[in-house]
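As the structure lists them, so they are numbered: ligands from 1, and atoms in each ligand from 1.
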Amino acid sequence: MKLTPQTALIHAPRKAPQFINTVQAPLFRASTIIFENTDALFNRHWTDDYDYSYGTHGTPTTFTLGDHIAQIEGGKYCLLAPSGLSAINLVNSCFLSHGDEVWVADNIYGPNMEHLRNLETRYGIDVKVYNPIDADSFQPSEKAKLLWLEAAGSVTLEFPDLINLVKKAKSKNILTALDNTWGAGLAFNAFDFSDEHLSVDVSVHALTKYPSGGGDILMGSVVTRDKALHHKLFRTHAIQGISISGDDAAQVQRSLASMQIRYQHQSNSALHVLQWLKTQEAFAQVLHPADPDNISHQYWKDTCQTEQSAGLVSVIFKPEYDMNAIRKFCDHLKLFKLGFSWGGPVSLVMLYKLDDMRHLDHSHLQKGILVRFCIGLEDADDLIADIQQALKAL
Ligand SMILES: Cc1ncc(COP(=O)(O)O)c(C=O)c1O
């Protein structure tokens, strides 16, 4: 058929071959997916896992990444979302209904708490807070449906008593969801983390952090091992139109190859920086679960048998340093950039007023302003020198 120039611009003469082997998987970008014929159209199963009928339901690029994330985390099924918070939202909106009770750790990622508070006000869901290092503070009622865990909490870095909390939830048929961003599927296996092979039901991961590794992509995942749970999530994912771009999926997929090396490097650097921070007069407390002085150290040790940790380390300044002083400190840092997030190449710093963030007694934490360091891929001694020069500015 002879084409006019306008039509020829749209229909290229050559199609990419179907089977060509490359190091990186081919990238599919799609909103529309073209059906071979009407049989294919009418036989589509868009509620199936690997149905190719429209971009929001997935493409080979997004399914490749999802399968890979599920495998890394020790799960079987994965759904991808446009951010970590959106993945959290997917879990909450899938499993919580009017009248249900949900339990969250006092050190949970703040926007998750905020999202749940919003559900509480608007949809009558009861939000209860427990102390992650005291499993007895988790006292679910008959209405309890979901227990949120985070290991470790990403600001104060207490590692929860995962084993006893999960055991208790399981004994009462309460679903367990872990924000697995800190462990990234590398520090421990969320689906098999004890000698008794305990497992959470759902693992949520802000792929924005380690899997992306670049500080430039937002994405989240929800991994399960149970088909029925996955299908419930799958249905909610589909009807809410949650989807990600093929380009972003391909970028994250490409970064996975180096994730363990980056995680290990940041884990080692954080420990090196931690040892130095502990010698400094300005700090009332240094927080990291791998530190034997940390209140949650034993829980970290029981769970993270790889002895790896994310590259986060927090300090609480002595009370004589007020907000103005801490701001001066942060403003004087040169290598550490002031910004949210972690897991990227550039070290980051953020400051927090603890009393505004906690609901329960937190007397294991000293009084003072908390500064969190997110260790990047720079040399750890250069990072120490940077903190040292900023401390001198005080
Ligand atoms: C522990 C934790 N979970 C979830 C998220 C949310 O991820 P995102 O930034 O992709 O929404 C973050 C982001 O900082 C986080 O620190």
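Close to ligand 1: Tyr109, with a non-hydrogen atom less than 4.0 angstrom away. Assignment of Trp182 to the shell around ligand 1 is not supported, since no heavy atom sits closer than 4.0 Å.
Distance check: His364 NE2 to Asp134 CG gives 11.0 Å after rounding to the nearest 0.5 Å. With rounding to the nearest 0.5 Å, the separation of CG in Leu274 from OG1 in Thr279 is 10.0 Å.
Contacts of Asn92 classified as side chain to side chain donor-acceptor pair (under 3.5 Å), with partners at least two apart in sequence or in another chain: Asn112, His115, Trp148.
Atoms of ligand 1 lying under 4.0 Å from any heavy atom of Ser154, numbered from 1 in the order shown and given with element: 1 (C), 16 (O). Atoms of ligand 1 lying under 4.0 Å from any heavy atom of Glu150, numbered from 1 in the order shown and given with element: 1 (C). Heavy-atom proximity to Lys209, at under 4.0 Å, picks out these atoms of ligand 1: 9 (O), 12 (C), 13 (C), 14 (O), 15 (C), 16 (O).
Asp226 and Lys76 are not joined by a salt bridge, as no carboxylate oxygen comes within less than 4.0 angstrom of a charged side-chain nitrogen. We find that Glu101 and Lys172 are not joined by a salt bridge, their nearest charged nitrogen and carboxylate oxygen being 4.0 Å or further apart.
Judged by distance alone, with hydrogens and angles left aside, the side-chain atoms of Asp51 form a donor-acceptor pair with the main-chain N or O of His45 at under 3.5 Å. A donor-acceptor pair is defined here as one N or O able to donate and one able to accept, closer than 3.5 Å; no such pair exists between the side chain of Tyr263 and the backbone of Leu186.
Contacts with ligand 1 closer than 4.0 Å are made by heavy atoms of both the backbone and the side chain of Leu85. Here Ser83 has heavy atoms under 4.0 Å from ligand 1 in both its backbone and its side chain.
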Distance-only criterion, 3.5 Å: show the donor-acceptor pairs between side-chain atoms of residues 32-42 and protein atoms not counting sequence neighbours.
| from | atom 1 | to | atom 2 | distance (Å) |
| --- | --- | --- | --- | --- |
| Asn37 | OD1 | Asp39 | N | 3.2 |
| Asn37 | OD1 | Ala40 | N | 2.9 |

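In this structure, the protein non-hydrogen atom closest to atom 3 (N) of ligand 1 is Asp179 OD2, 2.6 Å. Among all non-hydrogen protein atoms, the one lying nearest atom 10 (O) of ligand 1 is Thr208 OG1, 2.5 Å. Closest to atom 16 (O) of ligand 1 among all protein heavy atoms lies Trp342 NE1, 3.1 Å. Scanning all protein heavy atoms for the shortest distance to atom 8 (P) of ligand 1 gives Gly84 N, 3.4 Å.
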